[in-house]
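What follows is a set of notes on a single structure, which appears directly below.
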Amino acid sequence: MRRDVRTLARDLERALADLEEVLAPVGARGADAAKPGSVAEAASAMKAAVCRTAERARALIAAALADETGARAAHERDLDYLENLHPALDPVLAEVERRGREDDIPIVDRETGRFLWVLVRALRPRVVVELGTAYGYSTLWMALALPPGGRILTVDPDEERTARAAGYFVQAGVRERIEILNRPALDVLADWEAGSVDFVFIDAVKEEYSAYLRAAVPLLRPSGVLVADNLLWAHAASRSPSPQDTAATQAIRRFNGELLTHPQLAATIIPLGDGVGVAAKIA
Ligand SMILES: C[S@@+](CC[C@H](N)C(=O)[O-])C[C@H]1O[C@@H](n2cnc3c(N)ncnc32)[C@H](O)[C@@H]1O
């Protein structure tokens, strides 16, 4: 939406410049020379009207762009304010964030991590299934919130990444609560018994999100909760569909529709981090 303001402003500015160029020769010899009622006089009047319109349109563009900049600055300020209100980050989580950035590993936003932590604290799931472990950042947020006896089964075929994650789990003192499965998510989901899982977190291959949903809903117990990350997909999902859209963007849009209309789920998508879907199994 905000990006559209800039695009429209640029297009309008270009259209105004074109109009001004076309009208530049009009009245060049002086409007006074035009005879009343002549075409030249009408053209002169039209040029004056275009100049007035252009002036107002430019003022409108400036105001819209200023609003946008102000809104962005206010949003950044809100985020800083909220960040500073929270207690200091667990040092292991801080270390995973730093290492993830260095190695260019995609992990959930910190606010999404906190949201997972609160959900797990509130719901007290016994069995959590996570699709997509990477360095274990989201796993750690959930593990730090688990009730006694709770377990996380986290799935990622990348052994190098999950070996690093395992080190962080040890450092944070939660290794015994977590089982790492180095297999593709769709293989693993087929193994579990219906109704055996309390909480599912989806954050693996975007093109497979719909298939994860189909496989995960039957695994959830009644009132079980499913959460999925990246549902705004870095602002790509909300743009008008185009043939240039990546397969991942198309898959996320499809998933969002399926999640929100799923007959067995009460679901919503929160504009938190990169877009977080939350659903409860109701049937
Ligand atoms: C976005 S990252 C996960 C980030 C993690 N949830 C966090 O926030 O810390 C996605 C992970 O999915 C893993 N992945 C790739 N193919 C997969 C598959 N078929 N099944 C499960 N995970 C897969 C990748 O190796 C990658 O580490």
Side-chain angles (χ1 to χ4, degrees), residues 89-120 125 128-146 151-172 174-175 177-192 197 199-216 219 225-237 246-249 251-252 255 270 272-278:
L89 193 65
D90 176 283
V92 185
L93 286 169
E95 165 69 9
V96 188
E97 282 184 4
R98 194 187 56 73
R99 193 60 206 238
R101 270 196 307 278
E102 259 175 39
D103 297 351
D104 208 14
I105 301 293
I107 61 174
V108 297
D109 291 289
R110 192 184 292 178
E111 56 265 32
T112 303
R114 286 199 182 105
F115 181 64
L116 286 169
W117 179 80
V118 172
L119 279 181
V120 171
V128 175
V129 166
E130 177 182 56
L131 310 180
T133 318
Y135 282 179
Y137 181 70
S138 50
T139 329
L140 262 180
W141 274 108
M142 294 189 286
L144 291 168
L146 276 179
R151 283 189 317 136
I152 300 180
L153 311 163
T154 186
V155 184
D156 195 318
D158 190 320
E159 294 186 20
E160 225 173 281
R161 287 183 183 183
T162 56
R164 187 171 286 283
Y168 293 129
F169 301 157
V170 172
Q171 248 179 279
V174 294
R175 183 68 187 92
R177 303 179 199 170
I178 302 166
E179 188 177 336
I180 298 170
L181 302 158
N182 289 123
R183 291 166 56 197
L186 288 175
D187 285 7
V188 178
L189 287 167
D191 288 352
W192 286 313
V197 175
F199 191 97
V200 174
F201 176 51
I202 298 178
D203 189 22
V205 182
K206 307 311 154 193
E207 290 84 342
E208 294 184 355
Y209 266 35
S210 289
Y212 299 154
L213 187 68
R214 278 194 296 280
L219 299 185
V225 168
L226 179 145
V227 177
D229 191 33
N230 304 118
L231 303 190
L232 289 173
W233 200 226
H235 310 288
T246 62
T249 301
I252 287 289
F255 174 83
I270 307 171
L272 168 76
D274 191 26
V276 178
V278 190

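Because the structure is a prediction, the values reported are computed rather than measured. Atoms within each ligand, like the ligands themselves, are counted from 1 in listed order.
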Inset, instruction - Look at the aromatic rings of Y212 and Y209 and report parallel, tilted or perpendicular, splitting at 30° and 60°. - result: tilted

Inset, instruction - State the CG-CG distance between D158 and N182, to the nearest 0.5 angstrom. - result: 8.0 Å

Contact (N/O only, under 3.5 Å) between [X] and ligand 1:
X: Y137; result: yes
X: D203; result: yes
X: S138; result: yes

Starting from [atom], what is the nearest protein heavy atom, named by residue and atom, and what distance separates them?
atom: atom 16 (N) of ligand 1; value: V205 CG2, 3.2 Å
atom: atom 20 (N) of ligand 1; value: A185 N, 2.9 Å
atom: atom 25 (O) of ligand 1; value: D156 OD1, 2.8 Å
atom: atom 1 (C) of ligand 1; value: P106 O, 3.4 Å

Legend entry - Ring-face cation contact, F169 with R175, 6.0 Å cut, 45° max: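 The answer is no, since R175 fails at least one limit relative to F169.
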
Inset, instruction - Counting heavy atoms only, name the option from V108, L186, I105 that's nearest to atom 8 (O) of ligand 1. - result: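 Nearest heavy atom to atom 8 (O) of ligand 1 lies in V108.
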
Considering only heavy atoms of [X], which atoms of ligand 1 have at least one such atom less than 4.0 Å away?
X: T133; value: 5 (C), 9 (O)
X: V155; value: 21 (C), 22 (N)
X: A204; value: 12 (O), 21 (C), 22 (N), 23 (C)

Legend entry - ligand 1 versus D158: contacting region, heavy-atom distance under 4.0 Å: side chain

